[in-house]
Engineer: 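Before I ask anything, here is the structure I am working with.
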Protein chains: 2
Amino acid sequence: MAEATGPARSQPATLSDVARLAGVSIATASKALNGRSQVRAETRQRVVEAAERLAFRPNQVARGLLAGRTGTVGLLTSDLEGRFSIPILMGAEDAFGAGEVAVFLCDARGDAIREQHHVRALLGRRVDGLIVVGSRTDPRPSLGRELPVPVVYAYAPSEDPEDLSIVPDSVGAGRLAVDHLLACGRTRIAHITGDPGYAAARERAEGARAALADAGLTLVGEPGFGAWSEGWGRAATAMLLDRHPEVDAVLCGSDQIARGVMDLLRERGRRVPEDVAVMGFDNWRVLTSASRPPLTSVDMNLEQVGRAAAHALFTAIAGTRRSGVEALPCRVVIRGSTVPLT
Amino acid sequence: MAEATGPARSQPATLSDVARLAGVSIATASKALNGRSQVRAETRQRVVEAAERLAFRPNQVARGLLAGRTGTVGLLTSDLEGRFSIPILMGAEDAFGAGEVAVFLCDARGDAIREQHHVRALLGRRVDGLIVVGSRTDPRPSLGRELPVPVVYAYAPSEDPEDLSIVPDSVGAGRLAVDHLLACGRTRIAHITGDPGYAAARERAEGARAALADAGLTLVGEPGFGAWSEGWGRAATAMLLDRHPEVDAVLCGSDQIARGVMDLLRERGRRVPEDVAVMGFDNWRVLTSASRPPLTSVDMNLEQVGRAAAHALFTAIAGTRRSGVEALPCRVVIRGSTVPLT
DNA sequence: AGCGTCTCTGAAAGCCTTTTCTGTTTCTTT
DNA sequence: AAAGAAACAGAAAAGGCTTTCAGAGACGCT
């Protein structure tokens, strides 16, 4: 808890310090360190040694000012808390972090005003580009076409088709899920999912229905739209068993719902997966591996979405911009809650 | 999916553009926009209008180069994925975001090499300070005393007592938890917790024991160290009920463990909270509110830890540095799983 | 010896802003 | 009306780096 006024920390060495120590001009020092070819090997050696002795690190701020590119991007998320932003953010951080790019993180807390504020602040810092990460897959307002830097939208697509958006393929995910259940020999498949106000819920249901139709089947009952909660999973399952006791698989709109579904199935004496297969969505580890049996779930490959967004931003900064909504495939992670009928 | 080489985006306006449009010198324009007093009101007006017309935003990069301070800090996390980093990160982002500071996010993925790499990159960008966020409360190696900028450690304290670390008060949290159970009239309290390799597990147990001792009581059985999982919660509870059927409260080391504990209690016919009160740790919403009944849990106030770290970094940058480990109090969030004995 | 050709090196400009200092104008005051 | 004070405007430097251009020295050739 000691308190003290900080000592004058030694300023980092500058290029001119290095040049002085090496006995050359600033220009030569710069060229030597940057691998330019107009420096004699011996001179370069001297400069490199001097730089090492002084622990010289070029000032990226000065470099950015000169080059007009700062090597920074802004990552604008609308809810850090949410479990969807994080993997995307990791993917993006990953794709950038490897190279020479640093990421400014800004959380707008879902507030448009704050978002504008952050955009302005980031532009003031001369970021080379922006990634906007949403918390749900419903389209969101564009930041506008007039920005001086490229923008890529991830997870939540922009409403403007001129923008580039990278999203998980929800329809395809619904198909994948049903295909897996069909492959397990299930044919009486019900769907219990979340809030119909979410595009993700509607699109997954649509995909599921399409895959069933392709197999000449239909859903057991109507898609059970409700809430993204365990409670709803239980309630919907109770109704389902009353009306359609023949059901042999339940595709759930989220892992949370799936947990509720499994709980109630067990309560009613149905075995999972022997009598009824259960499948979740989101592949949220805490839930999938803690449930009994472990839950088969659809993973949206969000890290990959983040990486793809970062990569697209890269190429856009380099001059090649795309537009439209690009949907990336999801994948099924198979665990104990779905097994082939014997 | 249209593809096109981007149009030459109009470069952002510079101060000299503004000055030219307003018909004044660059110096005057700067003074006018920064509220310096040596400008006639009328002139200032002209400049302000010109700046507005050109949507002028001062280049923070240039400003940073000149001022020697960039108004940026580095946030170094060791696992973004982890649920502990995120709230801290939010708190820090919050404390900074309000002002003029932007945050560089770096994830070291728990790798010391990568961490060093990021530190170097951040110093090259001339950040004004660093916050290092850990994923568990065990002490971690210091980044060293020789860094040119202040560093604050959050959640995981530095091994070097000369560094400043902000952590949640785990011992105090253990006391708080037991005090709450005592206040509910419980006296036969057991403790089932996670991996004893974690300081958090040991310290919470220590605090719990101390609070019981203050009340002239002891734990029922030994603290049940094991794993941070539902499975362990179930297993430990089974043993507990066999050996100490008189137990009337279980303090759990995490919400996940608590869920396992509650499951098994229900299976064995014990009612929660009537027969046995159950309390968790971490206050992880998905788990606490989805469980039946909703789970009372200890919240580590991580956002506050983040904010405190940001604030401490602020004052350190301003010149007043502290050192040592500062522990912030936790709080009990009461829900249905703990009620007073009637 | 003189010329052209390379190969190195260094001076200087430029990136954008802030700040200091100097110079000019305007207003008071005697 | 003259002198001094105050108010305002602008030139220039600084911050650290890269890059261009010109100059200097070394070398080979006729």
Side-chain angles (χ1 to χ4, degrees), chain A residues 10-48 50-51 54-72 100 121 123-128 148, chain B residues 10-48 50-51 54-72 100 121-128 148-149:
Chain A
S10 61
Q11 292 299 314
T14 76
L15 189 57
S16 81
D17 296 330
V18 174
R20 194 167 339 110
L21 181 58
V24 298
S25 75
I26 299 183
T28 304
S30 170
K31 280 181 278 200
L33 294 175
N34 289 303
R36 291 277 161 286
S37 61
Q38 315 118 318
V39 182
R40 200 172 5 159
E42 186 218 50
T43 310
R44 182 187 309 273
Q45 178 67 13
R46 256 200 350 264
V47 173
V48 168
L54 298 174
F56 171 73
R57 313 243 84 219
N59 184 333
Q60 295 299 133
V61 177
R63 202 180 261 195
L65 179 59
L66 187 60
R69 291 185 321 95
T70 53
T72 61
E100 303 296 83
L123 292 178
R125 297 206 127 81
R126 297 300 188 267
V127 293
D128 297 332
Chain B
S10 62
Q11 292 299 313
T14 76
L15 190 56
S16 82
D17 295 329
V18 175
R20 193 168 339 112
L21 181 58
V24 299
S25 75
I26 298 183
T28 304
S30 171
K31 282 180 280 199
L33 294 175
N34 289 303
R36 292 276 161 286
S37 61
Q38 314 118 319
V39 183
R40 202 171 4 161
E42 187 218 50
T43 310
R44 182 185 310 272
Q45 178 66 12
R46 259 203 344 268
V47 173
V48 168
L54 298 173
F56 171 74
R57 314 244 85 219
N59 184 334
Q60 295 298 135
V61 178
R63 203 181 263 198
L65 179 59
L66 189 59
R69 292 185 321 96
T70 52
T72 60
E100 304 295 83
L122 289 169
L123 292 178
R125 294 195 183 278
R126 296 301 187 267
V127 293
D128 297 332
V149 297

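All values reported here derive from a predicted model rather than from experimental measurement. Naming: A, B, ... by sequence-line order, numbering from 1 per chain.
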Engineer: Give A/Thr14 one of three labels, base, sugar-phosphate or nothing, depending on what nucleic acid heavy atoms sit under 4.0 Å from its own.
Structural biologist: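 Sugar-phosphate, no base atom in range.
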
Engineer: If you only use heavy atoms from C-beta on, which nucleotide in D/dG16, C/dT18, D/dT20 is closest to the side chain of B/Ser30?
Structural biologist: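 Output: C/dT18.
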
Engineer: Select from B/Glu42 and B/Arg63 the residue whose nearest nucleotide in DNA chain D is closer to the 5' end of that strand.
Structural biologist: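 That would be B/Glu42.
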
Engineer: Rounded at 0.5 Å granularity, tell me how far CG in B/Asp17 sits from CZ in B/Phe56.
Structural biologist: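 If I round to the nearest 0.5 Å, the distance is 8.5 Å.
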
Engineer: Taking atom CD of B/Glu42 and atom CZ of B/Arg46, what is their separation to the nearest 0.5 Å?
Structural biologist: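 That separation rounds to 6.0 Å.
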
Engineer: Does the side chain of A/Leu123 come within less than 4.5 Å of B/Pro12's, by heavy atoms?
Structural biologist: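 They are not in contact (no side-chain heavy atoms under 4.5 Å apart), so the answer is no.
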
Engineer: Which whole-number value in Å describes the distance from B/Asn59 CG to C/dG14 P?
Structural biologist: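 Whole-Å distance recorded here is 18 Å.
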
Engineer: Return the value, rounded to whole Å, for the distance between atom CZ of A/Arg126 and atom P of C/dC16.
Structural biologist: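 One finds 8 Å between P of C/dC16 and CZ of A/Arg126, rounded.
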
Engineer: Return the value, rounded to whole Å, for the distance between atom CD of B/Gln60 and atom C1' of D/dG15.
Structural biologist: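 Those two atoms, CD and C1', are 15 Å apart.
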
Engineer: Do B/Ile26 and B/Arg20 come within less than 4.5 Å of each other through their side chains, counting heavy atoms only?
Structural biologist: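 Counting from C-beta outward, B/Ile26 and B/Arg20 never come under 4.5 Å.
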
Engineer: Using a cut-off of strictly less than 4.0 Å, decide whether A/Arg40 has a side-chain nitrogen or oxygen near OP1 or OP2 of C/dT9.
Structural biologist: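 Checking A/Arg40 against C/dT9: at least one side-chain N or O falls below 4.0 Å of OP1 or OP2.
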
Engineer: Where the side chain of B/Leu15 is concerned, which of D/dG10, C/dT17, D/dT18 is the nearest nucleotide?
Structural biologist: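 Output: C/dT17.
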
Engineer: Which nucleotide, D/dA9, C/dC8, D/dC17, lies nearest any side-chain atom of A/Thr43?
Structural biologist: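 That would be C/dC8.
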
Engineer: Is the phosphate of C/dG10 approached by A/Thr28 (side-chain N or O, under 4.0 Å from OP1 or OP2)?
Structural biologist: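 Indeed, a polar side-chain atom of A/Thr28 lies that close.
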
Engineer: Taking only the side-chain heavy atoms of B/Gln38 (C-beta and beyond), determine which of D/dC8, D/dC17, C/dT17 contains the nearest atom.
Structural biologist: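 Closest of the options to the side chain of B/Gln38: D/dC8.
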
Engineer: Ignoring backbone atoms, establish whether A/Arg36 has a side-chain N or O less than 4.0 Å from OP1 or OP2 of D/dT19.
Structural biologist: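 The answer is yes; a side-chain N or O of A/Arg36 sits under 4.0 Å from OP1 or OP2.
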
Engineer: From the set D/dA11, C/dT17, C/dT9, return the single nucleotide nearest to any side-chain atom of B/Ala27.
Structural biologist: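 Among the listed nucleotides, the one closest to the side chain of B/Ala27 is D/dA11.
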
Engineer: CZ of B/Arg69 versus C1' of C/dT18: gap in Å, rounded?
Structural biologist: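 Result: 13 Å.
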
Engineer: Using every non-hydrogen atom in the two residues, find where B/Arg57 and A/Arg126 come nearest and quote the distance to one decimal.
Structural biologist: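 Reported closest heavy-atom pair: O-NH2, 3.3 Å.
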
Engineer: Phosphate oxygens OP1/OP2 of C/dT18: is one of them under 4.0 Å from a side-chain N or O of B/Asn34?
Structural biologist: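 Yes, B/Asn34 has a side-chain N/O under 4.0 Å of OP1/OP2 on C/dT18.
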
Engineer: Measure from CZ on B/Arg46 to P on D/dC8 and round the result to the nearest Å.
Structural biologist: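 Atom CZ in B/Arg46 sits about 13 Å away from atom P in D/dC8.
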
Engineer: Tell me which one of B/Val48, B/Val39, B/Thr28 satisfies side chain to side chain contact (heavy atoms under 4.5 Å, CB included) with B/Leu33.
Structural biologist: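 The option that passes is B/Val48.
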
Engineer: Using five base pairs at each end, measure the axis-to-axis angle across the helix from C/dA1-D/dT30 to C/dT30-D/dA1 and round it to 10 degrees.
Structural biologist: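 Computed angle between terminal axes is 60°.
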
Engineer: For a 4.5 angstrom cut-off between non-hydrogen side-chain atoms, does B/Ser37 reach B/Lys31?
Structural biologist: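 No, side chains not in contact.
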
Engineer: Identify, between B/Ile26 and A/Val39, the residue whose nearest nucleotide on DNA chain C lies closer to the 5' end.
Structural biologist: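 Going by which nucleotide is closer to the 5' end, it is A/Val39.
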
Engineer: Of all the nucleotides listed (D/dC8, D/dG16, C/dT20), which has the minimum atom distance to the side chain of B/Lys31?
Structural biologist: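 Per side-chain heavy atoms of B/Lys31, the pick is C/dT20.
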
Engineer: Given C/dC21, D/dG16, C/dG10, identify the nucleotide with an atom nearest to the side chain of A/Leu66.
Structural biologist: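 Between C/dC21, D/dG16, C/dG10, the one nearest the side chain of A/Leu66 would be D/dG16.
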
Engineer: If I take atom CZ in residue B/Arg20 and atom P in nucleotide D/dA11, what distance separates them, rounded to the nearest angstrom?
Structural biologist: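 Result: 14 Å.
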
Engineer: Under 3.5 Å, sequence neighbours excluded: what are the donor-acceptor pairs made by side chains of residues 58-69 of chain B?
Structural biologist:
from	atom 1	to	atom 2	distance (Å)
B/Asn59	OD1	B/Val61	N	2.7
B/Asn59	OD1	B/Ala62	N	3.3

Engineer: Have a look at B/Val24 and say if it touches a base, only the backbone sugar-phosphate, or nothing, with a 4.0 Å heavy-atom cut-off.
Structural biologist: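 Touches sugar-phosphate only.
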
Engineer: To the nearest angstrom, how far is B/Leu65 atom CG from C/dC15 atom C1'?
Structural biologist: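 B/Leu65 atom CG is separated from C/dC15 atom C1' by 9 Å.
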
